[in-house]
Structure formats: C-alpha cells, structure tokens
Amino acid sequence: MKVYPENKVKHGRKSNRKIERNEEVNGISLFAASLRHQTTEFFNNSTLHGVRYIAEKDRPFCEKFMWFSFTAIGAVTTCIIIVSLWEKFQTNPTITGLDTDFHNWDVPFPAVTICDASPVDDELLQEYIESVWGSDPPERAAEMLQWLATLSYSSIAEHAAEYLAEPGLVGENENNVPEPARDSKEAVFKVVRHCETLFYDCVWKGDSEECCDLLIPVFTEMGFCYAFNSRHAEKIWPWQSQAQQEQFIEAFIHETDAKWSFMFNSDRKNTTFDIYIHSTEEMAGLEQSAQHSWDYRVEKVSFSVKHTYTTDDARQLSIRQRRCVFADELHLDTSNIYTYSACMRQCRMRRSRSFCKCVPHFYPTIKGYKQCTLRELECIAKHASAITDVTKCSCELGCSHTVYEVEKLSETDATRGGESNSLETEFVSWPMVRYKREVLFGWVDLLVSFGGIAGLFLGFSLLSGVELLYYFTLRACCAAVRDADQLRRERAERLAQPKPPHNLSLIPWWKEPPIPGSVRPILVRAKDSMPPQYSPPPGYTTYLP
C-alpha cells in the first residue's frame with residue numbers, strides 16, 4: 001500500500017506571499033544548496049573506493065546498500081587500527097638495546113659520598129659552645145649541635161620539639177637568638193671534623209693524592225658528608241685551601257689505567273661510614289640508599305655500572321612518550337643539568353617553601369629559598385611527611401643516567417685482626433656494555449602507517465583529505481557566489497518535484513512486487529482543507545411547521 005502525500009495549497013494573498021518568499025532564497029539556503037551539489041559532485045568524482053556507486057541514481061537500492069556496507073566496514077576498521085597505532089605511539093615509541101661499541105667510551109668515575117655517623121669534633125664542639133654561650137651553656141647545647149650536623153627530615157620530625165622547648169637554645173625572643181639558632185649551616189661548619197683529621201693516604205687510579213684536595217664537604221638530606229668527584233659539593237667552606245677553589249673537573253678512567261679505583265684511610269674506630277656511590281651529576285638523597293655501611297671489616301667495595309643513554313632522535317617525542325628528560329630540556333633551580341634526584345630535591349624544596357616559607361639548611365643556598373632558623377624547623381617537622389611524599393613530585397628519569405650496583409665486598413684478612421683502616425671503591429671490571437634508547441616508532445613511521453592502512457581499506461591518501469576539505473569549504477563557498485542562479489534553479493526544481501510515495505505495505509518486496517507509481521489507491525487530504533459544501537437530503541424542509 002502506498003500513500004501519496006499532497007502539498008498544502010492555500011488560496012488568496014497568503015499563498016501568493018509564500019510563493020514570493022520561496023523565490024527569494026537567502027544566503028544560508030543558497031550555501032546549503034551548494035553543499036548538496038558539492039556532495040553529489042564529490043561522490044561522483046572521488047577516488048575513494050566504492051563511494052561513487054552509492055551516489056549513482058540509476059543503481060538499485062540493494063546495490064547501493066551493499067557498497068555502503070563495504071565502505072562503512074572499511075572506514076570502521078581503518079579507525080580501529082589507527083587508534084591502536086596512535087596508542088602505541090603514545091605509550092611505547094622507544095626501544096632499549098645493548099650498545100657494544102665500548103672501546104671509544106670516556107667512562108666517568110662515580111661520585112663517592114662518605115657520611116660519618118658522628119661527624120662532630122668534640123674539641124671544636126666545646127670551643128664553639130664556649131664562644132656562643134660562655135661558661136654556662138644550656139644543658140642540651142652539645143646534643144643540639146650534633147643533631148644539626150646530622151639533620152634529616154626524619155630527625156627533624158622526631159627531635160625538633162625537644163630543642164625548641166628550651167629558650168636557651170632558640171632564644172627568649174626574636175632580638176636574642178643564639179648563632180646556631182639563627183644560622184645553622186654556619187654552626188655545623190664550625191663543629192664538624194675537618195678533612196685532615198678524618199682521612200689520610202688517599203689513592204686515585206693507583207697514584208697517591210692529597211685527601212683534602214679530593215674530598216670536599218657536602219650537605220645532603222642525611223646530614224653533613226664528604227664527597228669525591230661530586231658536582232654538587234660545597235663551593236665555599238671555612239677551612240678551604242687555595243687548591244680547592246679551582247673549578248670542578250669530572251674524573252674519568254681509561255682502559256689503560258693501572259687501577260680503576262679510589263681509596264681512602266681513616267682511623268676512627270668508634271663510628272661507621274655510610275658509603276653512597278652515584279653519578280657525578282646526582283646527589284645522595286632520599287631516592288638512594290647507602291650501598292654500604294663501612295665498619296672497618298671490609299677493605300674493598302667492587303661495583304658494576306649500567307649506563308643508559310638516549311639518541312637525539314627521541315627529542316621529537318614528548319617527555320610523556322619517551323618517559324625521560326634530556327639534560328638541557330628542563331631548567332632546575334638546583335642544577336644546570338637535569339637529573340631525577342635534582343628534580344626530586346627541587347620538588348621537596350618547593351613544597352617546604354610553600355608550607356613554611358623556608359627550607360632546611362642542608363639544601364644549597366639558592367635565590368628565592370630562605371634558610372630556616374631553628375624556630376622555623378617546627379613547621380618543617382609538622383609537614384615532614386607531606387614534604388617527602390613522592391607522589392606529589394612528577395619527576396621523570398634523565399635520558400642519560402647511570403646506575404651503580406655493588407657486586408662484591410672483600411672482607412679484611414683475618415690475620416690482620418679482621419679490621420682495616422682503608423676502603424677502596426673500584427670497578428669490578430671494565431664496562432663492556434651500555435644501554436641505548438632509540439626511537440622505534442616516530443612521527444614519520446606514524447604517518448606512513450596511517451597512510452598505508454587508510455589506502456588499504458579505503459584508497460585514501462593525504463591529497464584525498466585535502467580534496468575533501470576543498471569540496472566542502474572553498475569550493476562550496478565559491479559556488480554559492482559564482483553559480484547562484486544555477487543553484488536557485490536546481491533548488492526550485494527539487495522543491496517542485498512531487499514527493500515520492502511512502503510504501504506502507506508489510507509484504508516484503510521479494511515476495512510481492514511493489515504497486516506501480518501510476519496507481520493511486522488512497523488520497524490523503526490536508527487537515528486544514530475546506531470540507532465540501534453542505535447539501536440537505538431530498539425532502540428535507542428548511543422551516544419547521
């Protein structure tokens with residue numbers, strides 16, 4: 001059954017005005033007609049596979065539907081594969097492999113940080129206490145200074161309240177503050193052991209060296225230490241000699257060197273030394289645990305090196321994609337060279353400043369970061385857990401980083417009493433491999449993959465995309481202006497054509513052919529059409545008797 005809808009017909013002036021308004025086509029309608037025309041042109045002339053068969057008017061509906069289904073399946077498959085390729089490009093665009101070209105390397109020797117568990121010199125401590133408080137110092141003055149020399153976030157949280165409760169240590173008011181409470185870092189320098197009283201007979205690559213020319217004071221997040229070959233050691237300290245004022249020069253080893261080690265001696269038997277072995281650009285901190293706690297029963301620590309570097313091609317990727325940062329890519333307040341430990345240290349400094357407006361004295365003196373007084377450490381103790389929360393710091397590894405792992409500990413010969421005054425840190429063997437991270441899937445590979453998939457399923461190319469934009473933007477706008485008369489005629493002809501019938505039959509077309517279009521079984525009237533003129537039945541009297 002077919003239903004033929006009829007257009008509404010209105011008589012009089014209203015219908016005439018409507019016809020006049022239809023003849024006056026506005027710009028939006030004209031542009032819509034241009035888009036309709038360009039769509040037909042694009043489907044007829046496009047190089048995309050199967051598209052032209054969808055728009056041909058003479059083809060049967062089943063064939064059009066078949067080509068539409070094939071094209072839709074190809075488009076959906078293309079989108080799914082492209083999304084998977086994009087996800088791979090975002091999450092895993094690099095690959096790490098072994099680099100065996102080891103003979104041409106300049107192998108840097110690591111920094112060795114030596115932290116004394118009790119770095120305070122008793123004689124210097126008594127002299128300093130007398131110079132500050134005189135002959136009647138506070139009862140816990142010596143204990144507080146030892147605490148300042150080994151200051152860390154954990155010790156601040158545990159003991160800050162104990163010393164802040166004594167007015168003699170922190171001062172009774174702001175105008176009467178002792179020097180240790182006002183400048184803790186300077187106070188630590190005046191009570192710790194000097195290099196010449198702590199180390200002697202140092203050996204570097206088999207040659208004897210002056211210990212105090214190699215071991216430089218450094219403040220870490222675990223307290224006061226001495227460091228060899230560290231870029232972040234102190235630049236100025238009170239007992240500094242002229243030879244130690246030279247610019248830092250990184251130490252390297254070569255395959256032809258007699259030894260690949262650094263050795264020092266110390267005769268302090270009543271303490272232990274925490275030994276940190278790390279990269280020169282790094283600094284011993286909360287991110288690293290001590291590789292060894294030296295108690296004189298070990299005379300040699302042998303370590304291996306695992307170095308990873310990234311090729312410059314990876315710069316085309318974002319930091320989130322390659323999951324590393326090049327040394328010169330991000331600016332840090334704490335270091336000119338980006339490293340993971342420097343980034344984390346800066347994050348803790350910023351959080352400390354945001355909570356308490358200052359930072360503990362074991363951080364370097366940097367513009368914009370005020371050093372905390374002893375009273376202000378109470379705030380640090382209150383927020384210590386929040387400051388050291390690693391989840392609040394979004395730091396990535398450096399694209400070039402080195403990991404040192406202890407492979408062997410050589411104990412002292414039992415014939416010598418089981419103890420040794422010397423500790424040697426050395427390479428377990430010559431570094432023979434390193435890791436190289438390079439781009440596996442870059443922008444060019446991504447573009448080629450996208451083009452190959454789109455060309456395989458749809459015959460799509462880069463110029464096809466340009467052509468698509470051209471048809472529906474520039475060409476449509478120009479046609480609306482240049483061919484306005486033709487578009488008006490096409491629009492008028494399309495509106496003047498009778499609407500196609502609506503087949504309401506429930507019988508499938510393959511069982512019973514449709515009724516020809518010339519047959520009109522049902523006539524539908526518009527709702528507002530005028531009813532026929534009323535005529536009374538025969539014999540009906542108009543007037544009542």
Side-chain angles (χ1 to χ4, degrees), residues 90-92 94 110-111 113 115 150-158 160 185 218-223 225 227 230-233 274 276-291 306 308-310 314-315 317-372 376-404 437:
Q90 292 294 329
T91 58
N92 193 23
T94 61
T113 302
C115 297
T150 57
L151 196 69
S152 64
Y153 280 110
S154 59
S155 65
I156 292 175
E158 293 174 2
K185 191 172 188 177
V218 59
F219 280 91
T220 70
E221 292 173 324
M222 288 75 65
C225 306
S230 175
R231 192 181 298 274
H232 297 287
D274 288 334
Y276 296 86
I277 302 174
H278 52 88
S279 175
T280 301
E281 289 78 17
E282 302 277 354
M283 178 180 283
L286 298 182
E287 294 75 39
Q288 182 183 9
S289 300
Q291 279 91 337
K306 295 180 180 179
T308 303
Y309 74 98
T310 306
R315 290 182 181 270
L317 305 174
S318 65
I319 295 176
R320 188 178 64 85
Q321 286 177 289
R322 57 178 131 91
R323 298 177 183 176
C324 71
V325 181
F326 283 95
D328 57 347
E329 193 169 13
L330 294 181
H331 174 72
L332 297 177
D333 297 334
T334 57
S335 175
N336 295 327
I337 300 175
Y338 178 90
T339 60
Y340 176 73
S341 64
C343 178
M344 293 296 292
R345 187 165 65 251
Q346 176 174 295
C347 176
R348 286 190 286 269
M349 291 178 66
R350 288 182 173 179
R351 292 182 62 79
S352 175
R353 183 178 61 179
S354 65
F355 284 118
C356 305
K357 311 301 181 185
C358 64
V359 296
H361 69 260
F362 49 68
Y363 286 125
T365 303
I366 302 174
K367 183 179 180 181
Y369 295 89
K370 173 183 171 292
Q371 179 181 315
C372 291
E376 291 171 330
L377 289 181
E378 182 180 7
C379 177
I380 300 294
K382 181 180 178 181
H383 299 94
S385 59
I387 294 173
T388 57
D389 187 2
V390 295
T391 60
K392 303 299 182 181
C393 301
S394 56
C395 294
E396 296 285 351
L397 285 176
C399 288
S400 178
H401 66 277
T402 307
V403 177
Y404 298 92
R437 183 190 289 114

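Quick caveat, the model's predicted, so the values are computed rather than measured.
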Atom [atom1] in [X], atom [atom2] in [Y]: separation rounded to 0.5 Å?
X      : Y      : atom1 : atom2 : answer
Phe326 : Ile337 : CZ    : CD1   : 14.5 Å
Lys306 : Tyr404 : NZ    : OH    : 13.5 Å
Asp274 : Gln291 : CG    : CD    : 10.5 Å
Ser154 : Leu286 : OG    : CG    : 8.5 Å
Met344 : Thr388 : CE    : OG1   : 9.5 Å
Leu330 : Ser335 : CG    : OG    : 12.0 Å

So, do [X] and [Y] sit near enough that their side-chain heavy atoms are less than 4.5 Å apart?
X      : Y      : answer
Arg437 : Thr308 : yes
Thr310 : Thr94  : no
Tyr369 : Arg353 : yes
Glu376 : Cys356 : no
Tyr340 : Cys324 : no
Asp333 : Met349 : no
Pro364 : His232 : no
Pro360 : Ile380 : yes

Minimum heavy-atom separation for [X] to [Y], with atom names?
X      : Y      : answer
Phe362 : Ser152 : CE2-CA, 4.0 Å
Tyr276 : Ala290 : CE2-N, 3.4 Å
Thr280 : Ala111 : CA-CB, 4.1 Å

Side chain [X], main chain [Y], donor-acceptor under 3.5 Å:
X      : Y      : result
Glu282 : Ser279 : no
Gln288 : Ile277 : yes
Ser352 : Cys358 : yes

Consider only side-chain N and O atoms of Thr113 and His278, and report whether a donor and an acceptor are under 3.5 Å apart.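 Yes, because at least one side-chain N or O of Thr113 sits under 3.5 Å from a partner of the opposite role on His278.
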Return yes if a side-chain donor-acceptor contact under 3.5 Å exists between Tyr363 and Gln371, otherwise no.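 Judged by distance alone, the side chains do not pair up.
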Can Ile319 and Glu329 be said to form a side-chain contact (heavy atoms from CB on, under 4.5 Å), step by step? CA-CA 10 Å; Ile319 295 176; Glu329 193 169 13; 3.8 Å; yes
Can you check whether Cys393 and Cys343 have SGs under 2.5 Å apart?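 No, the SG atoms are not under 2.5 Å apart.
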Please step through side-chain contact (heavy atoms from CB on, under 4.5 Å) for the pair Arg348 and Glu221, ending with a clear verdict. CA-CA 11 Å; Arg348 286 190 286 269; Glu221 292 173 324; 2.9 Å; yes
I'd like to know if Arg351 pairs up with Asp389 as an ion pair, taking the criterion as any Lys NZ or Arg NE/NH1/NH2 lying under 4.0 Å from an Asp or Glu carboxylate oxygen.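 No, this pair does not count.
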Charged N-O contact under 4.0 Å between Arg323 and Glu396: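 Looking at Arg323 and Glu396, the cut-off is not met.
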Verify the neighbour count for atom NZ of Lys185: are there more than 12 heavy atoms of other residues, nucleotides or ligands below 6.0 Å?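 Atom NZ in Lys185 is crowded, with more than 12 foreign heavy atoms closer than 6.0 Å.
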Check whether more than 12 heavy atoms from other residues, nucleotides or ligands sit under 6.0 Å from atom NZ of Lys370, and answer yes or no.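 For Lys370, atom NZ is crowded (more than 12 foreign heavy atoms under 6.0 Å).
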Decide disulfide (SG to SG under 2.5 Å) for Cys395 and Cys347; before the verdict, give the C-alpha distance in whole Å, the side-chain angles of both, and the deciding distance to 0.1 Å. CA-CA 9 Å; Cys395 294; Cys347 176; 5.6 Å; no
Could you walk me through whether Thr334 and Met283 satisfy the side-chain contact (heavy atoms from CB on, under 4.5 Å) test, starting with their C-alpha distance in whole Å, then the side-chain angles of each, then the deciding distance to 0.1 Å, before giving a yes or no? CA-CA 11 Å; Thr334 57; Met283 178 180 283; over 6 Å; no
Just say parallel, tilted or perpendicular for the rings of His361 and Phe219, cut-offs at 30° and 60°.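 Plane angle over 60°, so perpendicular.
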